[in-house]
Amino acid sequence: MKSDETIQETFSLSPKKKKYPKLNVLSVMSPAGCSHVNGYKVDNWKQNLRVIYQCFVWSGTAETRRRKAKSCICHMCGAHLNRLHSCLYCVFFGCFTKKHIHEHAKNKRHNLAIDLLYGGIYCFVCQDYVYDKDMEQIAKEEQRKAWKLQAFETRPSRLYSLESTGIGEKYTTWEPTKRELELLRHNPKRRKITTNCTIGLRGLINLGNTCFMNCIVQALTHTPLLRDFFLSDRHKCEMQSNSCLVCEMSQLFQEFYSGHRSPHIPFRLLHLVWTHARHLAGYEQQDAHEFLIAALDVLHRHCKGDTIHDNGKKANNPNHCNCIIDQIFTGGLQSDVTCQVCHGVSTTIDPFWDISLDLPGSSTPFWPLSPGGDGSTVNGESHLSGSTTLTDCLRRFTRPEHLGSSAKIKCGGCHSYQESTKQLTMKKLPIVACFHLKRFEHSAKLRRKITTYVSFPLELDMTPFMASSKESRMNGQYQQTVDVLNNDNKYSLFAVVNHQGTLESGHYTSFIRQHKDQWFKCDDAIITKASIKDVLDSEGYLLFYHKQFLEYE
């Protein structure tokens, strides 16, 4: 049994630690429950208990809160505090600290009382807080009602889903008032971090050819909106065991932004990766791009409990999922197949997490799209004689492609098999655009690494590659779009993953952006300052861009 002093300590914990006592946090007297609670369950006990919860424990409206403040005083000493309890058998409020409720229970033989602050049921015979399944269900229902009423009072336009959270953990989402919105417009920098701050910079120990994992972890932990999600403790795990990759990523973000400078050892993350992506298990060197896709897939599957439903609206991405991974990384790729006879168009839209781009020097024919060696600039990229740019790769990716006579498809208009052309464009852009430069070529006759230099910009405008801009490109020739003010399609580079060495023996490193124009090189446990020139001169394997209007410094 717990003493009254121990119980008092339990109830006086800081709310910030989320240690609120639930009805079942303290010991249960027996598997069958407290016999004195069972004796209370007669006549209209459920309705009586609901009234106490509604009026004196969890008051949902301003009126009931005023009534509670006015009426809830100790009937013996007149105090409002001292852990007030209410008798469950009669109308009596008494202090728990001064034992006035104990005296009432002894004199009247009323064995049960309810804590008016937390809703716990106390048995004076058992001398402990007791658990009862039926009472807990009533408590949860009434608390849920109260929170919804309070949420409607303060923010009637939007209510947070309360169904999945437990007692003492429900809350409403913050929505800025007009005044707060005005302040945000005049103060766009939501956080004040000095330019020499190193919070978030932390090396990762290589656990045996795990540089492929370390470089991706560095990129993910410096993804602005993903960082916001994990540091605001938004993940609510629904998995039964300690096998949730999202929980481990959440812990990883806490480690990175804790201020510690010593390298972190990601052994738990590696174990979970081996558990959920068995093709990556073992101490052999793996492909960083393959790890990225596998990690996003597992995170997406483990994030199901974090799905936010917005008034029943369908998710605004082709995966139709509102988990944080799909909100940030999922885009929509539109494929238009045009019949060469009737010019009918068949359109499909598929989700993507990254775009894989062919490079010059591969066995796949590469169409030279650069506007010549005149030193002109397109999309912020300088075109030097013979150089290839990220824009070149994207223009090649989105050009019309003749499928040929050996790949005829049945046209829905002609109702016969005809030759056709296929063109890929971006129907919906993700918040984070990841570009995979296909440097590793694997075929039956050839296995090699392509080292062609591809220049990439700090800022990227994806408008020319949108489905809505398709009419501005004719016969695969580039035309500058008129809509130069479309900021929704503009991106900023924030991470670059590089591979050094050969296909058989290589090493992964990454560049990450800490502040605007401040870059660092991450080489496993070693973090060093890098210049923008270092970043742009690097070979580039994976390029991470973030939508400009959704990030902040």
Side-chain angles (χ1 to χ4, degrees), residues 198 200-223 226 230 239 241-258 260-302 325 353-354 434 436-442 447-451 495-512 520-528 530 538-544:
T198 59
L201 291 175
R202 194 168 185 185
L204 291 167
I205 296 295
N206 192 317
L207 299 175
N209 289 325
T210 58
C211 57
F212 71 94
M213 176 181 75
N214 290 348
C215 65
I216 297 300
V217 168
Q218 292 288 358
L220 293 179
T221 51
H222 288 87
T223 301
L226 197 63
F230 281 110
M239 300 185 69
S241 61
N242 297 325
S243 61
C244 177
L245 187 63
V246 188
C247 287
E248 180 54 34
M249 282 298 295
S250 180
Q251 181 61 36
L252 200 64
F253 272 84
Q254 300 295 331
E255 290 286 349
F256 262 73
Y257 292 90
S258 64
H260 297 305
R261 297 187 179 185
S262 59
H264 178 65
I265 307 175
F267 66 93
R268 288 191 302 269
L269 178 65
L270 182 63
H271 170 72
L272 288 176
V273 169
W274 286 359
T275 301
H276 297 291
R278 295 190 178 277
H279 61 289
L280 297 176
Y283 288 102
E284 296 181 357
Q285 180 66 274
Q286 303 290 346
D287 180 42
H289 173 247
E290 189 175 3
F291 174 81
L292 171 66
I293 299 304
L296 292 179
D297 177 60
V298 177
L299 287 169
H300 158 72
R301 287 188 276 118
H302 291 187
I325 298 302
W353 280 332
D354 73 317
C434 176
H436 165 225
L437 305 183
K438 295 164 71 173
R439 296 200 173 276
F440 303 128
E441 190 169 46
H442 302 270
R447 290 185 74 253
R448 62 178 180 138
K449 178 184 176 183
I450 301 169
T451 58
V496 177
V497 170
N498 287 294
H499 179 271
Q500 291 123 22
T502 64
L503 197 64
E504 291 76 21
S505 176
H507 179 62
Y508 286 102
T509 61
S510 59
F511 288 105
I512 56 95
F520 292 85
K521 182 179 180 180
C522 304
D523 186 351
D524 289 332
I526 302 173
I527 308 292
T528 55
S538 65
E539 191 176 80
Y541 178 51
L542 298 173
L543 310 175
F544 293 85

Are [X] and [Y] close enough that their ring centres sit under 6.0 Å apart?
| X | Y | answer |
| --- | --- | --- |
| F440 | H289 | no |
| F230 | Y257 | no |
| F212 | F291 | yes |

Test item: [X] side-chain N/O and [Y] main-chain N/O as donor-acceptor pair under 3.5 Å:
| X | Y | value |
| --- | --- | --- |
| R439 | G540 | yes |
| H302 | L245 | yes |
| T223 | A219 | yes |

Any non-hydrogen side-chain atom of [X] less than 4.5 Å from a side-chain atom of [Y]?
| X | Y | value |
| --- | --- | --- |
| I216 | V497 | yes |
| P266 | E255 | no |
| I512 | F520 | yes |
| I526 | D524 | no |
| N214 | I205 | no |
| L270 | M213 | yes |
| L269 | V217 | yes |

Rounded distance [0.5 Å steps], [atom1] in [X] versus [atom2] in [Y]:
| X | Y | atom1 | atom2 | value |
| --- | --- | --- | --- | --- |
| L252 | L220 | CG | CG | 9.0 Å |
| I325 | L296 | CD1 | CG | 6.0 Å |
| H271 | R268 | NE2 | CZ | 11.0 Å |
| C215 | Y541 | SG | OH | 9.5 Å |
| H499 | S538 | NE2 | OG | 14.0 Å |
| D354 | L542 | CG | CG | 8.0 Å |

For [X] and [Y], work out which heavy atoms get closest and say how close.
| X | Y | answer |
| --- | --- | --- |
| C244 | L272 | O-CD1, 3.7 Å |
| Y508 | A288 | OH-N, 3.4 Å |
| R202 | Q218 | O-NE2, 2.8 Å |
| R448 | L503 | N-CD2, 3.6 Å |
| N206 | T210 | OD1-N, 3.0 Å |
| K438 | I450 | O-CD1, 3.8 Å |

message: If you count heavy atoms of other groups shown closer than 6.0 angstrom to NE2 of H436, is the number above 12?
response: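 It does: H436 NE2 has more than 12 such atoms within range.
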message: For L204 and F256: C-alpha separation, side-chain torsions, deciding distance, then whether side chain to side chain contact (heavy atoms under 4.5 Å, CB included) applies.
response: CA-CA 10 Å; L204 291 167; F256 262 73; 3.9 Å; yes
Donor + acceptor pair across side chains of H507, D523 (<3.5 Å):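 Yes, a side-chain donor-acceptor pair sits under 3.5 Å.
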- request: Give the intermediate values and the outcome of side chain to side chain contact (heavy atoms under 4.5 Å, CB included) for residues H276 and S243.
  value: CA-CA 9 Å; H276 297 291; S243 61; 3.9 Å; yes
- request: Determine, step by step, whether I527 and K521 satisfy the side chain to side chain contact (heavy atoms under 4.5 Å, CB included) criterion, reporting the C-alpha distance in whole Å, the side-chain angles of both residues, the deciding distance to 0.1 Å, and the verdict.
  value: CA-CA 6 Å; I527 308 292; K521 182 179 180 180; over 6 Å; no
field: side chain to side chain contact (heavy atoms under 4.5 Å, CB included) between L292 and C434, worked out
entry: CA-CA 10 Å; L292 171 66; C434 176; 3.7 Å; yes
message: I'd like to know if E539 pairs up with K449 as an ion pair, taking the criterion as any Lys NZ or Arg NE/NH1/NH2 lying under 4.0 Å from an Asp or Glu carboxylate oxygen.
response: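 A salt bridge is present here (some side-chain N lies under 4.0 Å from a carboxylate O).
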